[in-house]
Amino acid sequence: MKRFCCILLLLFLSGPVAAQAFVPNLGPDLPSITVRCGEVTLMLRRHSQWTPARIDFRGTPMTTERSAYGTVFRYPEIGFIGTGHLENEPEELQSLTFYVDGKEVVTPTAELSGETFRFVRESKIRGFRLTNVFEIKEDRLYETTTVATDVETPLDLVYHFMHAWTPTVSVLMAGSDAKPEADLIQPLLNDDEVDHKFYINAAVDWMSVYEPGSQQFAVSRLLETPATASSTSKVWNVVGTYRKYYLTAFQNQTVPKGFKGTWRMVTGFGEGDREQWPAAARTLASELSK
């Protein structure tokens with residue numbers, strides 16, 4: 001895990017110049033696309049291969065652009081391949097399809113808005129076929145990742161649903177439906193001894209972060225994971241940069257030939273003071289399961 005953290009940090013610090021110049025093999029001739037639906041805004045970015053770049057709620061950024069989102073595989077003896085990682089080879093896009101209010105947008109513009117949004121992104125990473133779906137409806141962000149392969153593949157790990165929460169997020173909470181009395185509440189500090197430290201490191205059903213400046217919070221709930229993938233949630237605390245969520249799977253495992261699995265997550269948002277937040281987050285976590 002220490003090697004994982006060091007490599008991620010090195011790539012983050014050394015990667016932006018190359019990333020800004022990178023143009024993927026597919027997509028509109030735009031640096032980014034900003035989508036507004038109700039109180040949620042989602043930015044998609046070209047140089048990170050049309051994955052999310054920022055998530056806003058009520059006009060306030062809840063995540064930072066100083067990171068990558070999407071899905072990344074780490075191969076033994078090769079390293080990372082996937083969103084934001086160009087040091088080995090780029091992810092190969094297969095198709096990009098945009099929908100606003102149920103109608104396909106054939107020629108996307110830099111600004112899109114409507115009641116609902118749906119974006120289907122198909123790609124390949126070596127022997128893996130990926131379908132990523134991002135949806136906004138009723139002020140909630142739905143993310144679905146389906147992975148399929150016809151080739152047995154050993155992996156160090158794969159991770160999905162990276163959410164680079166803003167570094168001003170001050171506390172996280174995580175819970176499991178089967179043990180509501182065991183909810184984790186963890187301050188996220190800016191002290192040197194907790195810089196580059198992972199939190200949670202467990203299979204949980206939902207997690208929440210609180211941002212004190214805006215008094216806004218987010219709750220992300222897993223809706224589906226493959227039974228054989230051993231999916232685990234992590235939050236990486238990088239002081240001054242982000243408090244970043246990862247859903248890891250297939251850690252030091254081999255993905256079997258013929259595997260096809262789907263991971264689904266929904267994220268909702270709310271507002272309230274710090275004392276109200278734990279109860280409000282638990283209530284929203286329950287509502288997101290319906």
Side-chain angles (χ1 to χ4, degrees), residues 37-42 52 54-64 67 69 134-145 159-190 194 197-225 231-239 241-249 263-290:
C37 293
E39 296 184 314
V40 175
T41 300
L42 177 67
R54 200 180 73 229
I55 304 167
D56 299 357
F57 179 61
R58 294 178 179 169
T60 298
M62 294 296 289
T63 66
T64 174
S67 189
Y69 298 67
F134 303 94
E135 297 177 275
I136 308 173
K137 54 186 178 183
E138 299 178 341
D139 294 329
R140 293 174 180 178
L141 173 63
Y142 293 82
E143 300 168 86
T144 303
T145 298
Y159 48 91
H160 309 294
F161 306 143
M162 291 180 281
H163 293 166
W165 301 113
T166 177
T168 56
V169 160
S170 62
V171 61
L172 69 84
M173 181 164 56
S176 299
D177 296 339
K179 295 182 178 180
E181 73 283 355
D183 289 352
L184 165 73
I185 297 182
Q186 173 67 57
L188 294 169
L189 305 176
N190 294 320
V194 295
K197 181 173 180 178
F198 275 103
Y199 292 100
I200 304 179
N201 289 310
V204 296
D205 294 307
W206 59 272
M207 64 84 59
S208 178
V209 293
Y210 184 79
E211 202 292 306
S214 62
Q215 293 193 322
Q216 295 184 164
F217 62 89
V219 178
S220 296
R221 167 175 276 277
L222 286 171
L223 299 176
E224 181 180 353
T225 62
S231 301
T232 301
S233 291
K234 294 175 173 61
V235 172
W236 193 26
N237 182 29
V238 180
V239 172
T241 301
Y242 49 55
R243 324 290 199 182
K244 190 168 184 178
Y245 175 82
Y246 300 83
L247 181 68
T248 64
W263 291 259
R264 291 197 302 133
M265 173 175 277
V266 57
T267 299
F269 303 90
E271 184 175 353
D273 63 34
R274 171 65 178 81
E275 287 70 31
Q276 296 170 329
W277 162 69
R282 290 185 183 99
T283 298
L284 181 54
S286 178
E287 292 174 355
L288 291 174
S289 66
K290 301 174 183 176

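Worth knowing before you read on, the calculation uses all heavy atoms, side chains too, and leaves out hydrogens, waters and symmetry mates.
- Atom-to-atom distance recorded for Thr41:OG1 and Phe57:CZ is 10.5 Å, nearest 0.5 angstrom.
- Across every non-hydrogen atom of Ala203 and Ser176, the tightest pair is O-OG, 3.6 Å.
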Decide side-chain contact (heavy atoms from CB on, under 4.5 Å) for Lys197 and Trp236; before the verdict, give the C-alpha distance in whole Å, the side-chain angles of both, and the deciding distance to 0.1 Å.
CA-CA 6 Å; Lys197 181 173 180 178; Trp236 193 26; 5.9 Å; no
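- Side-chain contact check for Arg140 versus Leu288: some heavy-atom pair is nearer than 4.5 Å.
- Applying the salt bridge (Lys or Arg N to Asp or Glu O under 4.0 Å) rule to Asp205 yields no partners; only residues at least two apart in sequence or on another chain are considered.
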Assess whether side-chain contact (heavy atoms from CB on, under 4.5 Å) is satisfied between Trp277 and Met173, documenting all intermediate values.
CA-CA 10 Å; Trp277 162 69; Met173 181 164 56; 3.6 Å; yes
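- With contacts defined as side-chain heavy-atom distances shorter than 4.5 Å, the pair Leu141/Ile136 qualifies.
- Counting heavy atoms of neighbouring residues, nucleotides and ligands inside a 6.0 Å radius, atom CD of Glu224 exceeds 12 of them.
- Between Leu172 and Trp165 the shortest side-chain heavy-atom distance does not fall below 4.5 Å.
- Note that the OG1 atom of Thr248 and the CE atom of Met162 stand 12.0 Å from one another [nearest 0.5 Å].
- No option in Thr267, Asp177, Val204, Leu284 other than Asp177 meets the side-chain contact (heavy atoms from CB on, under 4.5 Å) test with Arg221.
- Between Tyr245 and Ser233, the side chains place a donor N or O and an acceptor N or O closer than 3.5 Å (distance only, hydrogens not considered).
- Between His163 and Tyr246, every side-chain heavy-atom pair lies at or beyond the 4.5 Å cut-off.
- Residues Thr60 and Gln216 form a side-chain contact, since some pair of their non-hydrogen atoms from C-beta on lies under 4.5 Å apart.
- For the pair Gly272 and Gln276, the tightest heavy-atom approach, listed with the atom from each and the gap, is CA-OE1, 3.5 Å.
- The two residues Phe217 and Glu271 have their closest heavy-atom pair at CE2-N, 3.4 Å.
- When atom types are taken as modelled, the side chain of Tyr242 and the backbone of Thr64 share no donor-acceptor pair closer than 3.5 angstrom.
- Closest approach of Phe269 to Asp139, counting heavy atoms only: CD1-O, 4.0 Å.
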Working note: Arg274 + Val171, criterion side-chain contact (heavy atoms from CB on, under 4.5 Å); need CA distance, chi angles, decisive distance, verdict.
CA-CA 9 Å; Arg274 171 65 178 81; Val171 61; 3.8 Å; yes
Under the side-chain contact (heavy atoms from CB on, under 4.5 Å) criterion, do Thr63 and Tyr69 qualify, and how do the steps go?
CA-CA 10 Å; Thr63 66; Tyr69 298 67; 2.9 Å; yes
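- In terms of heavy-atom proximity, Pro167 sits nearest to Asn190 at O-OD1, 4.3 Å.
- For Trp206, the ring pair (Phe, Tyr, Trp, His ring centres under 6.0 Å) test picks out no residue, with sequence neighbours left out.
- For Ser286 (side chain) and Thr283 (main-chain N/O), no donor-acceptor pair under 3.5 Å exists by modelled atom type.
- Looking at heavy atoms from C-beta onward, Phe161 lies out of side-chain contact with Ser220 at the 4.5 angstrom threshold.
- Closest heavy-atom contact between Ser231 and Leu247: CB-CD1, 4.0 Å.
- Arg243 pairs in a side chain to side chain donor-acceptor pair (under 3.5 Å) with only one of the listed residues (Thr166, Asn237, Thr168), which is Asn237.
- A donor-acceptor pair is defined here as one N or O able to donate and one able to accept, closer than 3.5 Å; no such pair exists between the side chain of Ser170 and the backbone of Glu211.
- Considering only residues two or more places apart in sequence or on other chains, Glu135 meets the salt bridge (Lys or Arg N to Asp or Glu O under 4.0 Å) condition with Arg118.
- At a threshold of 4.5 Å between non-hydrogen side-chain atoms, the residues Lys234 and Ile200 do not count as touching.
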